[in-house]
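Here's the structure, in structure tokens; my notes come after.
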2 protein chains.
Amino acid sequence: MSDFKKIRELNLKLTKEKIRNSVNVDNFICQAISSIAETDKVINLLSKRLREWYLLYNPEFTNSISDHWKFAELITKKSKEQLLKELRIDYSMGADLKKHDLDAIFNLAKQILNLFKFQQETENYLESIMQDYCPNLKELAGVTIGAKLIGHTGSLKKLMILPASTIQILGAEKALFRHIKTGSRPPKYGIIYWHQFIQSTKRQEQGKRARALADKIAIAARVDYFKGNFIAKKLKQELERKFK
Amino acid sequence: MSDFKKIRELNLKLTKEKIRNSVNVDNFICQAISSIAETDKVINLLSKRLREWYLLYNPEFTNSISDHWKFAELITKKSKEQLLKELRIDYSMGADLKKHDLDAIFNLAKQILNLFKFQQETENYLESIMQDYCPNLKELAGVTIGAKLIGHTGSLKKLMILPASTIQILGAEKALFRHIKTGSRPPKYGIIYWHQFIQSTKRQEQGKRARALADKIAIAARVDYFKGNFIAKKLKQELERKFK
């Protein structure tokens, strides 16, 4: 009995150790990219509230600017008079609020600016860990898209064993299964759609470019996993030469 | 033509002035209570992420505490060793993270703490404007429930003209229309369900209490709208006497 107990305890300890050692950079990348995506949602939600609230005070300015970051930045820095002057409006439909009421609005704006800053810092963190872990993927796909690919598959290893054609449509699973079930047209791109290389061209070209880009990303991921040289620059040049 | 133009301009100006003067305390209350509710959502979303992230480092502590605020507060203040010691655990399944990786996690925790603080400040602001605008409603229903009632109807005036039986089930519209359509049981309470007076009793009593509370809230809202005396204390005593 005592021997069994000993074995059990030893086993427990070994399992715990295994769990402990299973934490790696892949986990950090998944957490960081999810955190960035969620902060995005949060910022949108709070910015909508901020706009609706500030609208009572200065509707003309609220409607003149669509960028959330700029909006929160400007209303905390400049007075209503300054902002209206820049728009060349001399009579505002907004009410004159007391300082007490305004402070509550500016407090919300400050929260949003803080969240933007946090998002930026997390992106910097993500960039620094990817620089060590998968420099080729980072350089070729970019920080956000590279991290999303890893986050979507779960780890660099799982990404690396995928064929290029799968990498091409990662994130477009819904369209893919609709294609398989109903025979609608198959998706041409998933997460990589937002890559500069695909965005910068016209619609008819995008499918071809997505295939070529996915090819190179698959190579980059494999080289990174086996700790090869830095070849992303060369891969990029090949891509550009192909679609000149 | 010139006369028409003059009339048009005068009209425009009058309309703008009307819009300007239509902003009142009701608007602030609606915005503030919505802001608080949305901050709640945001905190939940980010806290879930924080827990998942921190789990890699210290799973034992993460699972030992369910309060989001306490969790964020403790992990930023105390070291892993301290936290584990308090739980009397000597071998953790969590990995040892580098400072660089930990900082990213703590950064998220700080954002969450900031948002909690912001929520508290907005509640204080809400309390101060309700103290002036509707002291009876605030005292009787509480800051959050009172503000939700105003936010739900749109203004104190609209709340004031409702019969007590409608106030009782404000916020339970879905159940009400299901009752009308399918004949299921009607709702007994809406927003006011979360009031201490209803929460502190057993289930069979709650319907009766909700009706009595809604009666008194209707009275309080009317008195507040017509700027009457402070009678909330008396109303409260009447309620308590009735359900002794």
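Convention: sequence-line order gives letters A, B, ...; per-chain numbering from 1.
Using a 4.5 Å cut-off on side-chain heavy atoms (C-beta onward), A/Asn114 and B/Lys110 make no contact.
Between the CD atom in A/Glu52 and the CG atom in B/Asn27 there is a gap of 9.5 Å [rounded to 0.5 Å]. The CG atom of A/Leu115 sits 7.0 Å away from atom CG of B/Leu46, with the distance rounded to the nearest 0.5 Å. The CG atom of B/Asp101 sits 11.5 Å away from atom CD of A/Gln31, with the distance rounded to the nearest 0.5 Å. Rounded to the nearest 0.5 Å, atoms CG (A/Asn107) and CZ (B/Phe118) are 5.5 Å apart.
When heavy atoms are compared at a cutoff of 4.5 Å, B/Thr122 approaches chain A solely by way of its side chain, counted from C-beta outward. Using a 4.5 Å cut-off between heavy atoms, A/Glu121 touches chain B through its side chain atoms alone. With a threshold of 4.5 angstrom between heavy atoms, A/Gln111 approaches chain B through side-chain atoms but not through N, CA, C or O.
More than 12 heavy-atom neighbours from other residues, nucleotides or ligands sit within 6.0 angstrom of NZ on B/Lys16. Dense packing is recorded around CG of B/Asn21, with more than 12 heavy atoms of other residues, nucleotides or ligands lying under 6.0 Å away. Residue-environment remark: NZ (B/Lys77) stays at or below the threshold of 12 foreign heavy atoms within 6.0 Å.
Across B/His100 and A/Ser128, no two heavy atoms sit closer than the pair NE2-OG, 2.7 Å. Residues A/Leu56 and B/Val23 come closest through the heavy atom pair O-CG2, 3.9 Å.
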* **CA sep, side-chain torsions, deciding dist, call: B/Tyr125, A/Asp103, side chain to side chain donor-acceptor pair (under 3.5 Å)** => CA-CA 9 Å; B/Tyr125 163 70; A/Asp103 282 347; over 6 Å; no
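Scanning residues 89-99 of chain B against chain A with a 4.5 Å non-hydrogen threshold yields B/Tyr91, B/Ser92, B/Met93, B/Gly94, B/Ala95, B/Asp96, B/Leu97, sorted by number. Contacts of residues 139-147 of chain A with chain B at a heavy-atom distance below 4.5 Å are absent; not one residue qualifies.
When B/Ser35, B/Pro59, B/Ser22, B/Ala104 are compared by the number of non-hydrogen pairs under 4.5 Å with chain A, B/Ser35 comes out ahead.
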